[in-house]
2 protein chains.
Amino acid sequence: MNNIEFATAIHILTLLKIIGGHLPSSYIAGSININAVMVRRSLSLLRKHGFIETREGNGGGAALAKPASQVLLSDVYRAVNDAALLGKLNKPNPDCKVGKQINNHLAELYKQADNALVNKLSTITLADFCKKFK
Amino acid sequence: MNNIEFATAIHILTLLKIIGGHLPSSYIAGSININAVMVRRSLSLLRKHGFIETREGNGGGAALAKPASQVLLSDVYRAVNDAALLGKLNKPNPDCKVGKQINNHLAELYKQADNALVNKLSTITLADFCKKFK
DNA sequence: CCGTACTGTAACAAAAAATGATACAGTATA
DNA sequence: TATACTGTATCATTTTTTGTTACAGTACGG
């Protein structure tokens, strides 16, 4: 995984909520201060997961596909992190007693830790998050 | 942060508990299947945080500095992740209403999420983790 | 129905981060 | 004193991330 994706996704969704309307990727890129193609890559992911809808052509851009109050931050996290956050594993020596078993045990541990994090994020909606902006 | 560090650190500590004694970095490297210098870099970190003690010279190596039952996985996580897991931020445009504020709000969010994860890990000791190995 | 302003995505380049390799001084043991 | 380690620096390599360019496709507005 790549955890700046989460920051980028939240930034995009926050913009769509606060600025409103259909925003072009170039506008979004200017706010985040990253490349417009990177934005379109994020948008593509967010669209696949149903958070936004996009319009091609003149006057097009991205907009929220559902009310911010119905977007859980945990859903965004899940969409963006294909693997769990604490997800990397080594490729240990299978001839070692510990090496042979550890990836299974670590994977289980990661799942528990990830669940705890997701549970916390599931208590916060995009609308909650956006309320912080003055 | 770099989340394979956590897997590596847990692997090392597990080995020290299960195999016992003073293990040289070359032995540990063989189990994890990574470079011995990488192992020594991890060992250095673990030593600084008081999890292990190391001995130089012939017959030297690393050993646990305290009972596995007194090592919380949350402490290992904290030691290894200087920043929070969900820690990366963009460098948004300060001339944008959202860009100007978002990093503060994200940092707060990250802290909450990280706390949830750490709380979960604090319920598991190294001894608990090692019990899973047969 | 044409100019304009977008998306979507591929292909490649550049930059950054992680990992590995080599080297070597220092240290403890037998 | 030979041997087997640590600790750490430096440099090389690999992998991952980010940016750039390009361009076909789409839709709106005059």
Side-chain angles (χ1 to χ4, degrees), chain A residues 1-9 11-12 15-16 19 21-49 51-63 65 80-83 85-93, chain B residues 1-9 11-12 15-16 19 21-49 51-63 65 80-83 85-93:
Chain A
M1 92 115 220
N2 160 13
N3 51 25
I4 206 158
E5 262 296 307
F6 182 74
T8 301
H11 193 137
I12 291 172
L15 272 180
L16 297 184
I19 310 293
H22 277 80
L23 302 180
S25 61
S26 57
Y27 177 92
I28 298 172
S31 172
I32 309 184
N33 195 27
I34 61 174
N35 194 278
V37 174
M38 295 296 290
V39 172
R40 296 211 282 266
R41 298 210 256 250
S42 274
L43 290 174
S44 177
L45 192 64
L46 291 172
R47 179 164 31 77
K48 275 171 197 153
H49 285 88
F51 297 110
I52 65 171
E53 56 101 358
T54 54
R55 275 192 210 151
E56 297 189 356
N58 193 335
V80 145
N81 298 282
D82 22 339
L85 201 45
L86 214 60
K88 284 193 189 163
L89 297 168
N90 288 295
K91 298 183 180 73
N93 185 346
Chain B
M1 90 117 224
N2 159 12
N3 52 24
I4 206 159
E5 261 295 309
F6 182 73
T8 301
H11 193 138
I12 291 171
L15 272 181
L16 296 184
I19 311 292
H22 278 80
L23 302 180
S25 61
S26 56
Y27 177 93
I28 298 172
S31 172
I32 309 184
N33 195 27
I34 61 174
N35 194 279
V37 173
M38 294 298 289
V39 172
R40 296 210 283 267
R41 299 209 255 250
S42 275
L43 290 174
S44 177
L45 193 64
L46 291 171
R47 180 164 30 76
K48 276 171 196 153
H49 285 88
F51 297 111
I52 64 171
E53 57 101 358
T54 53
R55 276 191 208 153
E56 296 188 356
N58 193 335
V80 146
N81 297 281
D82 20 341
L85 201 42
L86 215 57
K88 284 193 189 163
L89 297 168
N90 288 295
K91 297 183 181 74
N93 184 346

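First the proteins, then the strands, lettered A, B, ... as listed; each starts at 1.
Atom CG of A:Asn90 and atom C1' of C:dA18 are 12 Å apart (whole Å). Summarising the geometry, the separation between CD on A:Glu53 and C1' on D:dA27 is reported as 14 Å, rounded to the nearest angstrom. One interatomic measurement links the two molecules: CG of B:Asn35 to P of D:dT6, which rounds to 13 Å at whole-angstrom precision. As rounded to whole Å, 16 Å separates atom C1' of C:dT7 from atom CG of A:Leu45. With rounding to whole Å, A:His22 atom NE2 is found 12 Å from D:dA27 atom P. In this structure, NZ of B:Lys88 is placed 11 Å from C1' of C:dA18, rounded to the nearest angstrom. Going from atom CG of B:Leu89 over to atom C1' of D:dT18 covers 17 Å, rounded to whole Å. Rounded to an integer number of Å, the gap from B:Met38 CE to D:dT14 C1' is 12 Å.
A donor-acceptor contact under 3.5 Å is formed by the side chain of B:Arg40 with the base of D:dT8. Donor-acceptor pairing under 3.5 Å, judged by distance alone, is absent between the side chain of B:Arg47 and the base of D:dG7.
Here D:dT3 is the nucleotide among D:dT20, C:dT22, D:dT3 with the atom lying nearest to any side-chain atom of B:Asn58. Of the candidates C:dG20, D:dT6, C:dT9, the closest approach to any side-chain atom of B:Pro24 belongs to D:dT6. Comparing D:dT20, D:dT26, C:dA21 by their closest approach to the side chain of B:Val37 singles out C:dA21. Of the candidate nucleotides D:dT6, C:dT7, D:dT18, D:dT18 has the atom nearest to the side chain of A:Ile4.
Two residues are said to be in side-chain contact when any heavy atoms from C-beta on lie closer than 4.5 Å; A:Ser44 and A:Lys48 meet this criterion. Between A:Ile19 and A:Tyr27 the shortest side-chain heavy-atom distance falls below 4.5 Å. The side-chain heavy atoms of A:Arg47 and A:Leu43, taken from C-beta on, include no pair separated by under 4.5 Å.
In this structure, B:Ile34 reaches the sugar-phosphate backbone alone: every heavy-atom distance under 4.0 Å involves primed, P, OP1 or OP2 atoms, never a base. Using a 4.0 Å heavy-atom cutoff across all strands shown, B:Ser25 reaches sugar-phosphate atoms only and no base atom.
Phosphate contact (OP1/OP2 of D:dG7, side-chain N/O of B:Thr54, threshold under 4.0 Å): present. For the pair A:Ser44 and C:dT9, the criterion of a side-chain N or O lying under 4.0 Å from OP1 or OP2 is met.
Residue whose closest nucleotide on DNA chain D sits further toward the 5' end, between B:Arg41 and B:Leu23: B:Leu23. When each of A:Asn33 and A:Gly57 is assigned the nucleotide of DNA chain D with its nearest heavy atom, A:Asn33 is the one assigned upstream, toward the 5' end. For the pair A:Ala62 and B:Arg55, nearest-nucleotide mapping onto DNA chain C gives the more 5' position to A:Ala62.
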Step by step, work out the side-chain contact (heavy atoms from CB on, under 4.5 Å) result for A:His22 and A:Glu53. CA-CA 9 Å; A:His22 277 80; A:Glu53 56 101 358; 2.9 Å; yes

Please assess B:Met38 against B:Ile32 for the test side-chain contact (heavy atoms from CB on, under 4.5 Å), listing each intermediate value before the final yes or no. CA-CA 10 Å; B:Met38 294 298 289; B:Ile32 309 184; over 6 Å; no

